[in-house]
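First up is the structure itself, then whatever we jot down about it.
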Amino acid sequence: MAILQTPATYTASQTSHELQAMSLRLMSGGTYDVRASEMAANFQDIRPKTVTCVVHFLDDSQEVFEVDKRAKAQHLLDKVFGHLELVEKDYFGLQFIDIAPPTEGAPHGHVQVTSYAMRWLDPLKTIKKQCRGPPFEFFFRVKFYVSDPSKLAEEYTRYHFFLQVKRDILEGRLMCPQNTAILLASYAVQSELGDFNPDEHRDNYLADYRFIPNQTPEFEKQVSDLHKQHRGQNPADAEYNYLDKAKRLEMYGVDLHNARSMMIGDVETGQFNVDQSSVDIQLGVTSVGLVVFQNNVKINTFPWAKIVKISFKRKQFFIQLRREVNDSVENLIGFNMNSYRSCKNLWKSCVEHHTFFRLYVPNPPSKKVFSLGSKFRYSGRTEYQTLEENKRRAKLDRTFSRSSSSKGFARRTVGGHTRNTIMEERNFIDGYRNIPKSQTFSGTNNSAMTVNHSIKRYDGVNNQTRATLPHDYKVGSSSRASIHSEKSDE
């Protein structure tokens with residue numbers, strides 16, 4: 001009796017040769033591992049696809065952002081700028097705390113101290129490749145200090161510069177003479193409190209405000225005396241005067257880096273005279289060039305116009321200068337930095353500052369397949385590009401709340417409105433928008449249309465109120481969004 005064999009039936013009569021042939025046919029076809037695919041899918045669902053980033057802003061507020069873990073850091077920057085509604089954003093960046101490894105080569109038995117430094121977030125790299133986390137914590141700061149506040153087109157941008165410089169002085173990064181500190185503090189008080197009012201501003205009314213380290217009652221009294229002289233300045237004027245005075249400080253906008261010793265040599269001969277004193281010095285990167293400080297005193301300046309090349313090798317940083325015809329100074333100067341990482345960060349800061357302040361457009365990335373050294377280049381826009389765009393952009397008339405050195409106080413751009421007043425005015429304006437234009441000022445006796453909701457605005461010095469039309473009255477809806485942009489803490 002014959003045995004019927006189906007394709008899925010195997011009998012003992014099949015030879016080993018036939019089994020091998022069938023195995024080869026299966027391998028040449030294809031297989032799908034169902035179990036492994038389901039386990040991989042479940043594992044991907046468990047793993048988080050985003051990272052949580054906490055950003056601290058200059059007004060001491062903070063915000064949490066969710067960013068794709070595979071996205072570049074530029075995605076986080078775009079979210080931060082969108083949250084702030086910041087237009088002139090190229091002057092700003094995000095910093096994080098970098099924990100450097102212990103110093104190499106420490107003597108046996110000595111305690112290795114871990115150093116901390118603030119680093120700038122590179123927008124072209126992912127967040128996880130640059131800083132440790134989670135949690136990922138960042139600080140919104142001014143990266144490029146404008147040489148003149150008049151270059152900033154928006155009051156909102158100047159306000160953030162004002163917060164940054166005020167923080168720099170308070171935390172001791174920006175050294176400031178006593179008389180200048182008193183004047184700057186008086187401008188800050190004028191911006192936050194308005195004109196001096198003897199009924200409201202009694203003795204010790206500045207006791208809750210902090211402007212400098214180790215602030216004394218005598219300092220507050222002198223600030224109060226100057227505050228009385230600033231009558232009539234609105235917050236924008238006071239902040240402009242603050243920045244205009246602060247830009248003259250010797251260490252304004254200086255990105256400092258610690259160094260140990262200095263070497264002077266010649267490129268042609270390759271010989272160096274090393275300073276064996278190992279005195280602690282600081283190299284400052286600014287918009288005009290490199291500055292050398294010792295004990296917070298400027299001892300030398302190297303303008304960008306006189307620098308030919310900057311380079312680094314291990315822990316040594318080099319500046320090659322242009323030798324003039326009758327110049328006897330050697331044209332190569334080197335500095336010993338504390339570590340390779342600090343040396344590279346100094347070099348990157350020089351590349352970014354020179355590109356931003358001196359070039360029209362950033363240099364394109366190198367197309368060389370094989371190249372030695374770092375490939376880092378500044379990827380943002382230059383100051384020239386930012387200023388040219390400001391000329392083409394319509395100026396925004398925005399409203400925003402100002403923070404204060406004292407808790408629980410918010411100040412508005414124009415007048416002395418608090419947050420509640422700002423929100424009430426916004427609600428009134430929204431109400432006017434929803435009323436048909438034919439009934440808005442028709443004079444009808446309908447109580448719903450004749451409610452006296454005139455918008456109160458303040459005329460400045462004496463807080464005299466006046467009734468005004470809604471700001472968008474007889475303004476087209478297309479232009480309303482481009483002209484008026486409101487910003488508040490809500």
Side-chain angles (χ1 to χ4, degrees), residues 58-61 149 155-156 158-163 165-167 169-170 176 178-212 214-246 397-428 454-468 471 486-490:
L58 290 168
D59 59 355
D60 294 327
S61 65
E155 174 191 342
Y156 188 51
R158 287 194 294 271
Y159 170 65
H160 280 86
F161 268 81
F162 163 74
L163 291 179
V165 177
K166 190 171 64 169
R167 181 182 292 270
I169 295 177
L170 177 60
C176 185
Q178 183 77 1
N179 294 335
T180 305
I182 294 172
L183 178 59
L184 293 177
S186 67
Y187 286 132
V189 173
Q190 179 68 23
S191 171
E192 296 179 13
L193 299 183
D195 294 339
F196 179 82
N197 188 340
D199 296 333
E200 298 179 2
H201 305 146
R202 301 183 181 275
D203 295 339
N204 300 325
Y205 72 99
L206 297 178
D208 294 335
Y209 293 81
R210 289 293 175 266
F211 304 104
I212 61 172
N214 304 321
Q215 188 171 304
T216 62
E218 178 62 25
F219 176 87
E220 297 169 5
K221 183 179 181 302
Q222 294 177 336
V223 172
S224 178
D225 294 338
L226 287 182
H227 177 208
K228 301 174 184 178
Q229 302 176 15
H230 300 326
R231 177 170 295 276
Q233 295 185 18
N234 60 29
D237 295 335
E239 290 161 8
Y240 183 90
N241 293 331
Y242 185 101
L243 294 175
D244 189 63
K245 188 68 176 179
D397 184 15
R398 68 175 71 202
T399 301
F400 60 93
S401 296
R402 285 172 160 82
S403 65
S404 173
S405 302
S406 180
K407 294 183 179 180
F409 188 90
R411 182 167 177 89
R412 172 185 181 151
T413 307
V414 180
H417 290 305
T418 61
R419 178 188 298 179
N420 293 334
T421 308
I422 297 172
M423 296 309 299
E424 289 176 5
E425 178 178 317
R426 174 179 290 182
N427 294 335
F428 290 154
S454 59
I455 304 172
K456 293 183 178 180
R457 297 186 185 272
Y458 284 76
D459 278 342
V461 179
N462 298 321
N463 291 336
Q464 297 177 353
T465 60
R466 57 183 172 90
T468 63
H471 67 86
E486 295 186 349
K487 173 69 180 173
S488 67
D489 289 343
E490 294 298 328

Looking at side-chain heavy atoms only, is the closest gap between [X] and [Y] below 4.5 Å?
X      : Y      : result
Ser186 : His230 : yes
Cys176 : Leu184 : yes
Glu192 : Arg402 : no
Leu226 : Gln229 : yes
Val165 : Lys245 : no

For residues [X] and [Y], report the shortest heavy-atom separation together with the two atoms involved.
X      : Y      : value
Ala181 : Phe219 : O-CZ, 3.8 Å
Leu206 : Glu220 : CD1-O, 3.6 Å
Arg167 : Leu58  : NH2-O, 3.0 Å
Glu239 : Ser191 : OE2-OG, 2.8 Å

Kindly assign one of parallel, tilted or perpendicular to the pair Phe211 and Tyr209, based on the angle between their ring planes and the thresholds 30° and 60°.
parallel
Worked check of side-chain contact (heavy atoms from CB on, under 4.5 Å) between Lys166 and Phe162:
CA-CA 6 Å; Lys166 190 171 64 169; Phe162 163 74; 4.0 Å; yes
When you check the side-chain N and O atoms of Gln190 and Asn234, is any donor under 3.5 Å from an acceptor?
no
To the closest 0.5 Å, what do you measure between [atom1] ([X]) and [atom2] ([Y])?
X      : Y      : atom1 : atom2 : value
Asn214 : Ile212 : CG    : CD1   : 7.5 Å
Ser224 : Asn204 : OG    : CG    : 9.5 Å
Thr216 : Gln222 : OG1   : CD    : 7.5 Å

Please name all residues satisfying salt bridge (Lys or Arg N to Asp or Glu O under 4.0 Å) with Lys221, sequence neighbours left out, ordered by chain then number.
Asp225
Residues that Asp237 engages under salt bridge (Lys or Arg N to Asp or Glu O under 4.0 Å), provided they are two or more places apart
none
Report yes or no: does [X] contribute a side-chain atom to a donor-acceptor pair with the main-chain N or O of [Y] at less than 3.5 Å?
X      : Y      : result
Arg210 : Leu170 : no
His201 : Asn197 : yes
His160 : Asp59  : no
Arg231 : Phe196 : yes

Check step by step if side-chain contact (heavy atoms from CB on, under 4.5 Å) holds for Gln233 and Tyr187.
CA-CA 9 Å; Gln233 295 185 18; Tyr187 286 132; 3.9 Å; yes
